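Values below: all heavy atoms of this structure, side chains included; hydrogens, waters and symmetry mates excluded. Nothing here was measured: the structure is a model prediction, and the numbers come from that model. First the proteins, then the strands, lettered A, B, ... as listed; each starts at 1.
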Amino acid sequence: MSDGSTGEKLTELAKRRGYFFRSSGVYGGVGGFYTFGPQGAALKGNLEEAWRDRFAVAEGHMEIDAPTIMPEPVFEASGHLEGFDDMLIECPECGATVRADHLVEDGTDHEDAESLPIPEVEAVIAEYALSCPECGAGLADVAVEEFNLMFSTRIGPGDSQPGYLRPETAQGIFVEFPRLSEYARNKLPFGVAQIGRAYRNEISPRRSIVRTREFTQAELELFVDPTGDGPDLEPVADVPVRLYPASAQADGGEELRTTIGEAVADGTIADPWVGYFMGVAQEWYEAVGVDPDRFRYRQHLAGERAHYASDCWDAESEVDGNWIELAGFAHRGAYDLSNHAENSGERFTVFRQYDEPKTVERAAVDPDMSELGPRFGADAGAVVEALERLADRDRAAFDGETVTVDVDGERHEIDVETAGFAVEEETVAGEHVTPHVIEPSFGVDRLVYTVLEHAYREDEVDGEPRTYLALEPAVAPTAVGVFPLQRDDALEAEARKVARELRAFGLSVTYDDSGAIGRRYRRQDEVGTPFCVTVDYESLEDRAVTVRERDSTDQVRLPIDELPATLAALRAGDRSFEELYSNN
RNA sequence: GCGCCGGUGGUCUAGUGGUAGGACAUGAGCUUCCCAAGCUCAUAGCCCGGGUUCAAUUCCCGGCCGGCGCACCA
């Protein structure tokens, strides 16, 4: 056994045992892409299913499945075309690559260089004679290159329209908001979940499946009324959490151990919805096998927050000595919906009915077009609009005989009677509001990695070293290993029959009859199979088998008849092995 | 993208200017064996391209991939 880090040993185990490995290896591989092997795909699927159960089904939200390729306008609206774009400049002397916009911001009094077009950034660099922060070489006249983190493609042949692989699953939900809102019968709050792939052309993918170019997200977009009631915090109020607020990070302060209820009450977590999901997630992460001692919530620093987020907390896990982001809990405000409304011209609002209809006075005009038409010709429309705006803004302007409006710098005098000015009473039943978005966004691949890393164990059984994965039975990719005690036609036939019955019961089963029994236990230990069933000679007589638990290696004897239901209950967590063992 | 280091069976690794050895794993068999036992046999490897050379897995250059550091991570 090498004395490498857990990360190295885990990566090696993952390769060998079919959890995950570099993709397209026969052609040399390509950075940032991984294939989940048979065990990995099953584990990932189980985690996704667990997420779906908790965040979609148990919360009463809907789930959709949107395309991974979307047309350019979507990302113009979302801000990814602009904001996902880095301006890089490469030093001709030392070869260092630096962000051109950062260079400008540091070296001049420009504060938002990112919004400047590239030629202008180049001009500013030349003007101020900015130099390379690494070696000091002048960077005037060095080309600034654009690098967008989105993968681009063309949709259709010929002069087709540009498209992009989505950099987050969220946009697929936002874009369909009008229809989804209709489906939810326009009642806030409602949530839409999605589990799917997202793509980012990372400059430098690292650390196996922690940072890849194609990854799976599980996201929930909860649409809430900005003035509406918050969540019922009662179910999560007492959930203990470990918080690392922005203030503590800034001044080297301590992490905070508190509860969701207290953190929301004292304002550490500003938004109750964000707090609610942090509480739900805390318990969920523990249930699927994240070690609570290596888990925390870290608030984003002001400069770290995305353009849309007013407050954001990350769930982080500690793996191999580093904290990595597992999930983000962001309040996105109305940012996404109002941008899509503006860019698409569609309505991204929900009508909120007042408890009592309100009566309001409204000033309006009803111009006599038979007079304005002939008088202003093609400008008549603009004149009417000017009148409407004026009526809305300044009723007093209509107090006299005539009213004056400016259209394209020209003043026009119009009879108030011709304008058709009147103040009317109107009954308003409600108003259109753009919902705010609360977004819990989970990285599935990183969770797979964390769950494996936190489950990795080495111990000794009867003086022999053992490696095993203490995965939660509910998410373990293989539920049961079934063996004949030794090679023997009668034992093998019985064991195969047991395996068949367990599979018919919906359990994923590995059958293994090779080598010695101890070796087969170890093999299953290493992939994290929680239970193994061994058929021996006595089984043929007493219709009972040995069930062995992975972590303790304890064994109990169970009737074959009861096996499927008992193992299913053990897997679901409805029964515990300890209880079986002590009753045996 | 830059710098340093590296790339040999499935995995981990030894080694060499004349195409490679081990360990573990895997498969077949023997051993009536509930925690990696033993024995026999078998399968299986020098990242890719170019250069130097009679000859390259080995030396040189480039690429790809990986680790670490920097940068990046809306």
Side-chain angles (χ1 to χ4, degrees), chain A residues 1-5 7-9 11-18 21-33 75 78-86 88-91 93-99 102 114 132-135 145 147-150 167-168 170 200-208 210-213 300 303-309 312 324-325 328 330 335 459-468 483-488 490-491 514-526 532-539 545-548 550 552-555 557:
Chain A
M1 176 90 27
S2 78
D3 58 353
S5 68
E8 284 167 5
K9 288 187 280 193
T11 303
E12 188 266 314
L13 187 153
K15 229 185 308 194
R16 206 159 33 78
R17 290 295 182 199
F21 42 85
R22 212 173 65 229
S23 196
S24 304
V26 293
Y27 290 107
V30 54
F33 294 92
F75 301 109
S78 71
H80 286 99
L81 216 48
E82 274 284 315
F84 234 49
D85 219 16
D86 285 342
L88 300 177
I89 188 164
E90 190 179 344
C91 174
E93 293 296 320
C94 70
T97 306
V98 292
R99 292 268 303 258
H102 289 179
E114 208 180 342
C132 173
E134 295 293 316
C135 70
E145 311 245 348
F147 183 74
N148 194 293
L149 259 20
M150 285 194 294
E168 60 175 9
R200 295 179 192 182
N201 199 1
E202 295 286 353
I203 296 172
S204 171
R206 279 289 161 86
R207 278 203 276 144
S208 75
V210 169
R211 193 152 133 216
T212 55
R213 293 191 164 116
H300 276 201
E304 185 181 4
R305 282 204 299 266
H307 44 74
Y308 49 74
C312 188
I324 63 168
E325 177 189 346
Y335 178 87
D459 69 355
E460 260 186 29
V461 174
D462 294 347
E464 298 285 348
R466 169 174 87 131
T467 299
Y468 67 106
F483 322 135
L485 182 59
Q486 57 185 280
R487 281 286 177 81
D488 177 290
L491 289 188
S514 76
I517 186 73
R519 179 177 297 261
R520 287 176 258 158
Y521 283 144
R522 297 307 166 83
R523 209 178 264 150
Q524 292 309 311
D525 286 343
E526 214 180 22
C532 290
V533 170
T534 299
V535 175
D536 56 28
Y537 289 103
E538 264 179 68
S539 304
V545 289
T546 304
V547 177
R548 177 257 199 190
R550 176 196 59 207
S552 61
T553 74
D554 288 338
Q555 302 186 337
R557 192 89 180 154

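Residue P167(A) is classed as having no contact, given no heavy-atom separation below 4.0 Å to the nucleic acid. Using a 4.0 Å heavy-atom distance criterion, R200(A) is classed as a base contact. Within 4.0 Å of E464(A), counting heavy atoms only, lie sugar-phosphate atoms of the nucleic acid but no base atom. Residue R522(A) is in base contact, counting any heavy-atom pair closer than 4.0 Å across all strands shown.
Across rC34(B), rG27(B), rC33(B), the shortest atom-to-atom separation from the side chain of R523(A) is found for rG27(B). Closest approach to the T467(A) side chain among rC35(B), rA36(B), rC33(B) is made by rA36(B) (side chain taken as heavy atoms from C-beta onward). Among the nucleotides rA37(B), rC65(B), rC34(B), the one closest to the side chain of V30(A) is rC65(B). Comparing atom distances between the T553(A) side chain and each of rC35(B), rA25(B), rG66(B) picks out rC35(B) as nearest. Distances from the side chain of D462(A) to the nucleotides rC34(B), rC35(B), rA25(B) place rC35(B) closest.
Nucleotides rC61(B) and rG3(B) have their P atoms positioned 13 Å apart, rounded to a whole Å.
Scanning RNA chain B for stems, defined as runs of 3 or more consecutive Watson-Crick or G-U wobble pairs whose donor-acceptor distances all fall under 3.5 Å, gives the following ranges: B:1-7 with B:64-70, B:10-13 with B:21-24, B:26-30 with B:38-42, B:47-51 with B:59-63.
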Take M150(A) and L81(A), measure what side chain to side chain contact (heavy atoms under 4.5 Å, CB included) needs, and give me the verdict at the end.
CA-CA 8 Å; M150(A) 285 194 294; L81(A) 216 48; 3.7 Å; yes

How far apart are the C-alpha atoms of E526(A) and R16(A), what are their side-chain angles, what is the distance that settles it, and do they pass the salt bridge (Lys or Arg N to Asp or Glu O under 4.0 Å) test?
CA-CA 10 Å; E526(A) 214 180 22; R16(A) 206 159 33 78; 3.0 Å; yes

Worked verdict on R557(A) versus D536(A) for side chain to side chain contact (heavy atoms under 4.5 Å, CB included):
CA-CA 11 Å; R557(A) 192 89 180 154; D536(A) 56 28; 3.0 Å; yes

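Judged by distance alone, the side chain of R548(A) and the main-chain N or O of C532(A) form no donor-acceptor pair under 3.5 Å. R22(A) places no side-chain N or O within donor-acceptor distance of the main-chain N or O of G31(A), the cut-off being under 3.5 Å. Counting only distance, with no hydrogens or angles, the side chain of R519(A) and the backbone of S514(A) share no donor-acceptor pair below 3.5 Å. Between the side chain of R466(A) and the main chain of D459(A), no donor-acceptor pair closer than 3.5 Å is present.
Separation of atoms OG1 (T534(A)) and CD1 (I517(A)) is listed at 3.5 Å; rounding is to 0.5 Å.
Per the geometry, CG belonging to L491(A) stands 12 Å off C1' belonging to rC34(B), to the nearest Å. Between E538(A) atom CD and rC34(B) atom P there is a gap of 11 Å when expressed in whole angstrom units. Rounded to a whole Å, the CZ atom of F21(A) is 14 Å from the C1' atom of rU11(B). Between the CD atom of E202(A) and the P atom of rC70(B) there is a distance of 17 Å, rounded to whole Å. What separates CZ of R519(A) from C1' of rA36(B) is a distance of 5 Å, to the nearest Å. Between the P atom of rA36(B) and the CG atom of L13(A) lies a distance of 18 Å, rounded to the nearest Å. Protein atom NZ of K15(A) is 13 Å distant from nucleotide atom C1' of rU13(B), rounded to whole Å. A straight line from OH of Y521(A) to P of rC34(B) spans 9 Å, rounded to a whole angstrom.
Not a single donor-acceptor pair, N or O on each side, falls under 3.5 Å between the base of rC48(B) and the side chain of Y27(A). The base of rC35(B) sits with one of its N or O atoms less than 3.5 Å from a complementary donor or acceptor on the side chain of R548(A). Between the side chain of Q555(A) and the base of rC34(B) there is at least one donor-acceptor pair of N/O atoms closer than 3.5 Å. Judged by distance alone with a 3.5 Å cut-off, a donor-acceptor contact links the side chain of R211(A) to the base of rC72(B).
Looking at which nucleotide of RNA chain B each of E12(A) and D536(A) is closest to, the 5′-most match is held by E12(A). Nearest-nucleotide assignment on RNA chain B puts the 5′-proximal partner with Y537(A), out of Y537(A) and D554(A).
Using a 4.5 Å cut-off on side-chain heavy atoms (C-beta onward), Y521(A) and V461(A) make no contact.
Distances shown here put a side-chain N or O of R487(A) below 4.0 Å from the OP1 or OP2 atom of rG29(B).
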